[in-house]
Q: 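Got a structure here, written out as structure tokens. Questions coming.
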Number of protein chains: 2
Amino acid sequence: MPDRPTDLQRVILDATRNLLARNGYTNLSMRKIAKKIGYSATTIYLHFENKDALFHALIDEGMHRLYESLYSVHTQYSDAPVERLRALCRQYIQFGLDEPEYYEVMFMLHPEHMERYPAAKYRRARRNLDLFAQALEDGVTEGVMAVQNSRVAASSTWAALHGTVTLLIAQRVDARIDHEAFITAAIDQALYGLLPRTHADPAVPKT
Amino acid sequence: MPDRPTDLQRVILDATRNLLARNGYTNLSMRKIAKKIGYSATTIYLHFENKDALFHALIDEGMHRLYESLYSVHTQYSDAPVERLRALCRQYIQFGLDEPEYYEVMFMLHPEHMERYPAAKYRRARRNLDLFAQALEDGVTEGVMAVQNSRVAASSTWAALHGTVTLLIAQRVDARIDHEAFITAAIDQALYGLLPRTHADPAVPKT
DNA sequence: TCACAGTAGTTAACAGTGTTAACTTACGAA
DNA sequence: TTCGTAAGTTAACACTGTTAACTACTGTGA
């Protein structure tokens, strides 16, 4: 798991991502990866400690890609927090739908697999959340958003987006519902939930 | 997959759920289930077509349990849509956290597994969403909520809850964030996003 | 009472999995 | 030319889901 993968590591990662996209997670095996790249299965173990380490490398790459696409949104809307947040939400969902194979490895693998994901890498993953938190803080500063704790609000916003992406990827959304309408509704609901409610507010009791 | 499981089916289902809760999905095998109940592995195939069918039966049970707990909330708050919706959200998340083994099988297994999930059973699963849609429609009728399409809004609300549960189960929420605060923030954000915004509204541009 | 059918279970086997140990082969330096 | 190292291999182990073939038991009809 070096910062810059070697040539064969690069080939292995690409083949894995390819098979993942084509045949899904359950149909992926070390032997199939090996066959695809024309090496024996054990060769992979010379370049990655085990299957988990291979996945972790993919997660790392995915987090980096996600960050780059979110960061470009971040800079593009640097002076408009609400629009920026909306664009960040859109981009996040789009990333999940454009690269489901990355998204699955990054966020949908079962907990048992993920537990071994090294803490150091979590830091890189957290940068993505920071972009959301930043937008929220800027929004609060400008008075166009109202949140108590930007980290918590960033996490709950992320949860809404994550739920949206996973339901779409897993095809659990009612077939009669238009995907675009669903996505727009999810983003709107999350955003409206963050706007300030200035006046005597409707009966939303605290429980 | 009969409506009422036979005795041994019942024993198998309970053992499976138990092992699932204790050791997780990746450590579950037909042979381990068999060992736990004191039969040979092939015996399970006399009572369930295959591993997927066994999971489908668990999903079915889980959907039923979820419905029962949501329905009790539904009747309890029959005349207060906003409070009802808030309670439904709480109950949904609580179900996921109380019975993660059910929740994982129901909503977190990989798409490839789920595709074979028979369409007829989806109908039973959809009843859960209907309770959310009902609360939204009642809220709109009473003028305390504002949504364009109750099925879409129910789905996006579900997405937010689903994201919240899965991130918690998979332990992907930043360790420094209090779970209760996270859950409350997620529910509040979803609910506030459904309330009517009566006055000339802040700059939330349509994109 | 005896033969038979059906039920509920078994063992043995197949093809596939992640992973390791032991072996080979090629190459560059002393 | 020898030696060490790097990069690959094959064979094997202990698993996995699943099937085929077999056994034991139970109840029924003649």
Q: Touch check for B:L54, heavy atoms < 4.0 angstrom, all strands: base, sugar-phosphate only, or nothing?
A: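 No contact.
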Q: Taking DNA chain D as the partner, which of residues 33-41 of chain A come within under 4.0 angstrom of it by heavy atom?
A: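 Nucleic-acid contacts, sorted: A:Y39, A:S40.
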Q: Are any of the side-chain nitrogens in B:D14 or B:R17 under 4.0 Å away from the carboxylate oxygens of its partner?
A: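 Salt bridge flag = yes for B:R17 with B:D14.
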Q: Give a yes or no answer on whether the side chain of B:N149 reaches the backbone of B:V152 with a donor-acceptor pair at less than 3.5 Å.
A: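 Yes: the side chain of B:N149 pairs with the backbone of B:V152.
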Q: Roughly, in whole Å, what's the span from NZ in A:K32 to P in D:dT16?
A: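 Nearest whole value for this atom pair: 18 Å.
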Q: Salt bridge check, A:R90 against A:E83: does any charged N sit closer than 4.0 Å to a carboxylate O?
A: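 Salt bridge absent between A:E83 and A:R90.
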Q: Salt bridge check, A:D130 against A:R151: does any charged N sit closer than 4.0 Å to a carboxylate O?
A: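 Salt bridge between A:R151 and A:D130, a charged N being under 4.0 Å from a carboxylate O: yes.
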Q: If I take atom CG in residue B:D52 and atom P in nucleotide D:dG17, what distance separates them, rounded to the nearest angstrom?
A: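 The answer, rounded to whole Å, is 11 Å.
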Q: Can we say B:R84 and B:D138 salt-bridge, meaning some charged N sits less than 4.0 Å from an Asp/Glu carboxylate O?
A: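 Yes, this pair counts.
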Q: Looking at A:R124 and A:E61, is any side-chain nitrogen of the basic one under 4.0 Å from a carboxylate oxygen of the acidic one?
A: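 No.
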Q: Measure the distance from CG on B:N27 to C1' on D:dT16 and round it to the nearest whole Å.
A: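 Answer to the nearest Å: 12 Å.
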Q: As a test of reading the structure: which of D:dA7, C:dG9, C:dT19 is closest to the side chain of A:L46, going by heavy atoms?
A: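 Nucleotide nearest to A:L46's side chain: D:dA7.
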Q: Classify the side chain of B:T42 and the base of C:dT11 as holding, or not holding, a donor-acceptor pair under 3.5 Å.
A: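 Donor-acceptor pair under 3.5 Å: yes.
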Q: Please tell me if B:H47 has a side-chain N or O lying less than 4.0 Å from either OP1 or OP2 of C:dA8.
A: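 The answer is no; no side-chain N or O of B:H47 sits under 4.0 Å from OP1 or OP2.
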Q: What integer distance in Å separates B:N50:CG from D:dT16:P?
A: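 So the CG-P distance, B:N50 to D:dT16, works out to 17 Å.
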Q: Whole angstroms only, please: what is the CZ-C1' distance between A:F48 and C:dT19?
A: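 Rounded to whole Å, this separation is 16 Å.
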Q: How long is the line joining CE of B:M30 and C1' of D:dT19, in whole Å?
A: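 Taking atom C1' of D:dT19 as the reference, CE of B:M30 is at 12 Å.
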Q: Report the distance from atom CG of B:L8 to atom P of C:dT7, rounded to the nearest whole Å.
A: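 The distance from CG of B:L8 to P of C:dT7 comes to 16 Å, rounded to the nearest Å.
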Q: Has A:K32 got its NZ or CZ under 6.0 Å from the middle of the six-membered ring of A:Y39, at an angle within 45 degrees of the ring axis?
A: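 No, cation not above the ring by the 6.0 Å, 45° rule.
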Q: Can you find a donor-acceptor pair, distance only, under 3.5 Å between A:R31 side chain and C:dG18 base?
A: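 Answer yes: a donor N or O sits under 3.5 Å from an acceptor.
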Q: In whole angstrom, what separates B:I44's CD1 from D:dT19's P?
A: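 Those two atoms, CD1 and P, are 13 Å apart.
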